[in-house]
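Working notes for the structure below.
Since this is a predicted model, take the numbers as computed values, not measurements.
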Amino acid sequence: MARYKFEQIAINSTEKKKPVEEDRFTYVGLEHLDPGSLKVTRFGSETAPVGEKLVMHKGDVLFGKRRAYQKKVAIAPFDGIFSAHGMVLRPKEDIVDKNFFPLFISSDYFLDEAIRISVGSLSPTINWRDLKELEFELPDLEEQRKLAEVLWAINDAMVAYKKLISATDELVKARFIEMFEGKYPMVLLGNVIETISGGTPSRKNPEFYDGGTIPWLTSGEVNLGYIDKTQYFITTEGLNNSSAKWVPANSVVVAMYGATAGRVGILRIPATTNQAVCTLLPNDRFDMYYLYYAVKYKETWLLENRFGAAQPNISQTVIKQMELIDAPLDMQQQFSCIVCQSDKSKSELKQTLSELTATYKRILSENLS
């Protein structure tokens with residue numbers, strides 16, 4: 001394999017424009033890019049974006065240079081404008097095949113090197129003057145074309161499995177609406193379910209965290225749906241010296257602060273929580289999976305009742321005012337069986353997707369080093 005500087009592989013298009021009103025319909029920001037997906041599925045802005053933006057053309061590779069550790073890379077779906085916190089890249093086709101180029105840019109081989117040269121602490125950013133000097137080994141053009149054909153076939157299969165997983169979720173939601181919407185009375189959550197929140201041990205005391213084995217749930221993790229493990233742990237000293245509280249497994253939780261405020265999850269393990277998590281304690285009136293979907297059904301209401309722009313909040317008082325469908329327990333349990341069967345199907349789909357992803361990454365790794 002030959003070795004090239006990145007400036008020999010890619011063109012960094014720096015053409016810019018100040019957006020006008022109609023540009024809002026074809027604006028792609030970093031918030032629209034999903035890590036691990038080369039496809040842009042969300043775009044546009046309610047108003048014309050402020051400040052100069054990069055001009056992009058259909059087929060360009062969009063790369064998030066700010067917070068590059070998020071690994072956001074996608075292919076421009078149309079002519080439009082892109083965030084100035086990104087780069088618009090095009091292949092030098094005498095060196096890199098145009099179909100292989102986005103696969104290369106989205107590879108760990110490229111991204112790990114790009115992340116390594118990021119500068120800044122709060123929002124690490126990649127500078128072109130540093131990126132262009134990085135060197136990478138590439139197969140010859142014929143081998144790139146063969147690799148691109150195989151990898152895009154795998155990528156298409158991965159996209160199809162993701163759609164199946166999403167469709168499975170939508171089917172469960174549809175069954176919930178079919179079985180319960182408009183068929184049973186409504187009840188205020190606060191009248192039928194006990195809610196609690198936790199606390200945060202002082203960060204000034206390392207002994208409250210170091211070596212901790214007690215699962216401690218924060219609001220940012222509530223966006224995960226089913227929660228079977230926590231990112232953080234505290235010690236017994238941390239628990240005893242704070243308002244953090246144990247909550248039982250199979251509790252429904254609602255995030256009350258930050259970007260995930262109003263999102264709903266199921267905590268399926270015993271754990272402690274911080275003050276930004278509202279826990280709906282299990283009781284005999286509600287099946288766990290039914291309660292999760294009943295609250296999830298009202299998630300739009302929760303999001304609409306947040307306050308604060310920079311850091312959205314929702315209080316326990318507001319959560320208690322949410323109305324739930326008060327369905328009979330036997331109907332809840334029937335729905336729970338549907339959820340469990342759906343989860344089994346999703347698990348099988350996710351296993352296949354995981355295997356495809358591993359194969360995709362292995363092929364890239366073996367041919368880019």
Open item on the list: Less than 4.5 Å apart, side chain to side chain, heavy atoms only: is that true for Gln333 and Tyr290?
Closed with: no

| query | Around Lys16, counting heavy atoms of other residues, nucleotides and ligands shown, do more than 12 lie under 6.0 Å from its NZ? | reply | no

Any link between Tyr257 and Leu303 through a network of hydrophobic side chains (Ile, Leu, Val, Met, Phe, Trp, Tyr) touching at under 4.5 Å?
no

Checklist entry - For Glu299, does the CD atom have more than 12 heavy-atom neighbours from other residues, nucleotides or ligands under 6.0 Å away? => result yes

Practice prompt. Take Gln275 and Thr200, measure what side chain to side chain donor-acceptor pair (under 3.5 Å) needs, and give me the verdict at the end.
Written response: CA-CA 7 Å; Gln275 68 277 8; Thr200 299; 2.7 Å; yes

key: Contact check, side chains of Val295 and Leu324, non-hydrogen atoms, under 4.5 Å   = yes

Does this structure show an ion pair linking Arg285 with Asp326, if we count only N-O contacts that are shorter than 4.0 Å? yes

So, Thr235 versus Glu207: side-chain donor-acceptor pair below 3.5 Å or not? no

Taking every heavy atom of Ala84 against every heavy atom of Lys65, the minimum-distance pair comes out as O-CE, 3.5 Å

Any side-chain heavy-atom pair from Met56 and Val28 closer than 4.5 angstrom?
yes

- Message: Could you check whether any side-chain N or O of Trp216 sits under 3.5 Å from a backbone N or O of Leu239, counting only pairs where one atom can act as donor and the other as acceptor?
- Response: no

Check your understanding: Will you find, in the side chains of Tyr226 and Asp343, an N or O donor that is under 3.5 Å from an N or O acceptor?
Key -> yes

Side chains of Pro49 and Ile81, heavy atoms from C-beta outward: is any pair under 4.5 Å? yes

Around Lys98, counting heavy atoms of other residues, nucleotides and ligands shown, do more than 12 lie under 6.0 Å from its NZ? no

Consider only side-chain N and O atoms of Asn274 and Thr218, and report whether a donor and an acceptor are under 3.5 Å apart. no

Distance col, row Asn155:CG vs Leu356:CG, nearest 0.5 angstrom, shows 10.0 Å

Hey, does Leu353 have a side-chain heavy atom less than 4.5 Å from the side chain of Leu349? no

Notebook entry, point to check: Are Ile11 and Val73 in one and the same hydrophobic cluster, where Ile, Leu, Val, Met, Phe, Trp and Tyr link if side-chain heavy atoms are under 4.5 Å apart?
Noted result: no

Tightest non-hydrogen contact, residues Ser13 and Leu54, listed as O-CD2, 4.0 Å

Please determine whether the number of non-hydrogen atoms from other residues, nucleotides or ligands lying under 6.0 Å from atom NZ of Lys163 exceeds 12. no

Is it the case that atom CD in Glu355 sees more than 12 heavy atoms from other parts of the structure closer than 6.0 Å? yes

From the list Lys162, Lys39, Arg42, salt bridge (charged side-chain N to carboxylate O under 4.0 Å, His left out) with Asp34 holds only for Arg42

For this session: Say whether Val222 and Ile319 are linked into one hydrophobic cluster, either directly or through other cluster members, by side-chain heavy-atom distances under 4.5 angstrom.
Result: no

Would you say CZ of Phe180 has more than 12 non-hydrogen atoms from neighbouring residues, nucleotides or ligands within 6.0 angstrom? yes

Requested in this report: For side chain to side chain contact (heavy atoms under 4.5 Å, CB included), just list the numbers for Met158 and Thr357, CA-CA rounded to whole Å, side-chain angles, deciding distance to a tenth of an Å, and then say yes or no.
Outcome: CA-CA 7 Å; Met158 290 161 59; Thr357 303; 3.7 Å; yes

Output for pair (Phe104 CZ, Ile9 CD1), nearest 0.5 Å, gives 4.5 Å

d(Lys146 NZ, Asp140 CG) to nearest 0.5 Å is 8.0 Å

With sequence neighbours left out, the residues meeting salt bridge (Lys or Arg N to Asp or Glu O under 4.0 Å) with Glu135 are Arg3

Value for NE2 (His32) from OG (Ser83), rounded to nearest 0.5 Å, stands at 10.0 Å

query: Salt bridge between Arg362 and Glu366, side-chain N to carboxylate O under 4.0 Å?
result: yes

Can you confirm whether the side chains of Thr230 and Glu221 place a donor and an acceptor under 3.5 Å from each other?
no

Q) Under 3.5 Å, is there a donor-acceptor pair between the Asp169 and Ser166 side chains? A) no

Of all heavy-atom pairs linking Glu113 and Leu134, the shortest is O-CD1, 3.8 Å

Q) Please walk me through it: do Lys71 and Asp112 pass salt bridge (Lys or Arg N to Asp or Glu O under 4.0 Å)? A) CA-CA 9 Å; Lys71 297 189 173 184; Asp112 289 347; 3.1 Å; yes

* Asked: Should we say atom OH of Tyr232 is surrounded by more than 12 heavy atoms from elsewhere, each under 6.0 Å from it?
  -> no

- Task: Over 60° means perpendicular and under 30° means parallel, so classify the ring planes of Phe78 and Phe43, tilted if in between.
- Result: perpendicular

Nearest heavy-atom approach of Ile269 to Pro215 is CD1-CB, 4.4 Å

Open item on the list: If you define the side chain from C-beta out and look only at heavy atoms, does anything of Asn99 sit under 4.5 Å from Glu149?
Closed with: no

Any chance you could lay out the salt bridge (Lys or Arg N to Asp or Glu O under 4.0 Å) test for Arg145 and Asp97, step after step, and finish with the verdict?
CA-CA 6 Å; Arg145 293 186 186 104; Asp97 177 70; 3.6 Å; yes

#### Entry: Trace of the salt bridge (Lys or Arg N to Asp or Glu O under 4.0 Å) decision for Glu52 with Lys17
CA-CA 5 Å; Glu52 285 192 326; Lys17 70 172 293 188; over 6 Å; no

Checking Ser123 against Arg67: is there a side-chain donor and acceptor pair closer than 3.5 Å? yes

Beyond-backbone contact of Val277 with Val254, side-chain heavy atoms, under 4.5 angstrom: no

Check: Hey, any chance Phe82 and Leu89 share a hydrophobic cluster, counting ILVMFWY side chains that come within less than 4.5 Å of each other, even indirectly?
Finding: no

Are Trp301 and Tyr184 linked, directly or through intermediate hydrophobic residues, by side-chain heavy-atom contacts shorter than 4.5 Å (ILVMFWY only)?
yes

*Heavy-atom side-chain proximity of Trp152 to Pro102 below 4.5 angstrom*: yes

Glu137 and Leu368 have their tightest heavy-atom pair at O-CD2, 3.9 Å

When every non-hydrogen atom of Ser45 is compared with those of Tyr27, the smallest separation belongs to CB-CD2, 4.1 Å

